Protein chains: 2
Amino acid sequence: MTEGHRSGCPINLSLEVLGDRWSLIVIRDIIFGNRRHFRDLMTHSQEGIASNILATRLKTLLDEGIITRADDPTHKQKGIYSLTEKGIELLPVLAQLSAWGYKYLPVTEELGIRAKLLADGGPKLWAEFMDELREMHLGIKRKSKGPSVFAKLQAAYEAVVAKQKKK
Amino acid sequence: MTEGHRSGCPINLSLEVLGDRWSLIVIRDIIFGNRRHFRDLMTHSQEGIASNILATRLKTLLDEGIITRADDPTHKQKGIYSLTEKGIELLPVLAQLSAWGYKYLPVTEELGIRAKLLADGGPKLWAEFMDELREMHLGIKRKSKGPSVFAKLQAAYEAVVAKQKKK
DNA sequence: TCCAACTGCTTGCATATTGCAACTGGTTGG
DNA sequence: CCAACCAGTTGCAATATGCAAGCAGTTGGA
């Protein structure tokens, strides 16, 4: 039942899967940056993840059923990584974690804006975003209600960056 | 501003503090098990944390202002660890993480019951619990509304354990 | 008064993980 | 045909983890 696990506690089991400095960073970039390829995740990472670490993380996320990998029809070597429902439901975890970080840690303005919008929007906004993720990653159509949460978060980020450049 | 940090992203900064296999386990035991002493945290841990690891984690949690340490008047060597407001506000993070683990990982019944109750109760229950934690750790009185969330979670856990023994 | 048990840790050492940089084998488009 | 791009792999040094034992002090009971 609990073979190989330290305990059957849900928090512990979650930490055994996600409790390191990189796994949730990868999930974050897939969700908020819509990065779907290996190179994309590696080179556009704010934190500069090393290729071997990215490779091992993607492997364990695959093994855990948090993401899937499909061949990209446009390029024989490219793989497309997608979130599963299990992966999509990590959004509330990321949202709470980012809300806490936003409140208590030295967040930069441009990288904090998404956290602020997510925290202000609350669970209702998260659910809407998760529906968009289901469309993007699982192909499940949703009733579109105007501009997507994804687009709004992205636009807010870019607006802050543009404002900073003017200074 | 961001000295020594990989990036100013709130998720990243949170992971730099909490992103390992043990930090949130310690917070969990303080919150849900009300373990306040070193030995208490060490010997009653479900996962069997080693003393050196516990010591380094407590030190970084102190440095980060997530917990505080006070001398125990009943024993010159004992220290009492308490949560700060910053630590108490990790409850929603733990709640989301445990909800995810409860849904997707091989949780045992007795250790999953708290996750279930927390998930069912939602943010309103979490807020109530956080008020109790403020009373227990910060000495901030609250208007008591009958049995505490802490007690209810503990009772539910013990009921499951008792039921299992009968079998 | 003495001693066993308990207190919060520290130390030494083996093993595992991380992080960096270079490299591999293959694909693609011009 | 070749430079640029693709998803990783490999080797190696530095760091972190995990285990067991030990330490200096405190406490409570006989």
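Chain naming here is simple, since letters A, B, ... match the order of the sequence lines and numbering starts at 1 in each. Nothing here was measured: the structure is a model prediction, and the numbers come from that model. These values consider heavy atoms only, across backbone and side chains, with no hydrogens, waters or symmetry-generated copies.
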Rounded to whole angstrom units, what separation is found between the [atom1] atom of [X] and the [atom2] atom of [N]?
X        : N       : atom1 : atom2 : answer
Leu61(B) : dG8(C)  : CG    : C1'   : 16 Å
Glu47(B) : dG18(D) : CD    : P     : 11 Å
Arg35(B) : dG8(C)  : CZ    : C1'   : 17 Å
Leu58(A) : dC6(D)  : CG    : P     : 15 Å
Asp72(B) : dT7(C)  : CG    : P     : 11 Å
Lys59(B) : dA16(D) : NZ    : C1'   : 15 Å
Asp40(B) : dT7(C)  : CG    : C1'   : 12 Å
Ile49(A) : dG8(D)  : CD1   : C1'   : 13 Å

Report the residue from His137(A), Arg36(A), Arg69(A), His75(A) that forms a side chain to side chain contact (heavy atoms under 4.5 Å, CB included) with Ile80(A).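 Option passing the side chain to side chain contact (heavy atoms under 4.5 Å, CB included) with Ile80(A): Arg36(A).
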
5' precedence on DNA chain D between Lys78(A) and Ala55(A) (nearest-nucleotide basis):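 Its nucleotide being nearer the 5' end, the pick is Lys78(A).
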
Nearest heavy-atom pair of Phe38(A) and Tyr81(A): which atoms, and what distance?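 Minimum heavy-atom separation between Phe38(A) and Tyr81(A): N-CE1, 4.2 Å.
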
So do the side chains of Tyr157(A) and Leu111(A) get within less than 4.5 Å of each other, counting heavy atoms only?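 Sidechains of Leu111(A) and Tyr157(A): in contact.
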
Does some side-chain heavy atom of Leu18(B) sit less than 4.5 Å from a side-chain heavy atom of Ile66(B)?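 Yes; the side chains approach each other to less than 4.5 Å.
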
Do any side-chain nitrogens or oxygens of [X] fall under 4.0 Å of OP1 or OP2 in [N]?
X        : N       : value
Arg21(B) : dA16(C) : no
Trp22(B) : dA16(D) : no
Arg57(A) : dG19(C) : no

Which is it for Gln46(B) and Cys9(A) under the side-chain contact (heavy atoms from CB on, under 4.5 Å) test, yes or no, and what are the steps along the way? CA-CA 8 Å; Gln46(B) 287 277 344; Cys9(A) 163; 5.7 Å; no

Can a donor-acceptor pair be found, under 3.5 Å and without considering hydrogens, that links the side chain of Trp126(B) to the backbone of Leu118(B)?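 Yes, the answer is positive, given that a donor and an acceptor are paired below the 3.5 Å cut-off.
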
Please indicate whether Lys116(A) has more than 12 foreign heavy atoms, meaning atoms of other residues, nucleotides or ligands, lying under 6.0 Å from its NZ.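 Check fails, neighbour count at 12 or below.
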
Salt bridge (Lys or Arg N to Asp or Glu O under 4.0 Å) against Arg28(A), all qualifying residues, sequence neighbours excluded: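 Salt bridge (Lys or Arg N to Asp or Glu O under 4.0 Å) check on Arg28(A) returns Glu47(A).
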
Heavy-atom contacts, protein to nucleotides 25-30 of chain D, under 4.0 Å, summarised as B (base), S (sugar-phosphate only) or - (none) per nt, yield BSS---

Protein N or O to nucleotides 20-24 of chain C N or O, pairs below 3.5 Å:
| residue | atom | partner | partner atom | Å |
| --- | --- | --- | --- | --- |
| dC20(C) | N4 | Asn52(A) | ND2 | 2.3 |

Dump the intermediate steps for side-chain contact (heavy atoms from CB on, under 4.5 Å) on Thr56(B) and Thr60(B), then the final yes or no. CA-CA 6 Å; Thr56(B) 63; Thr60(B) 68; 5.5 Å; no

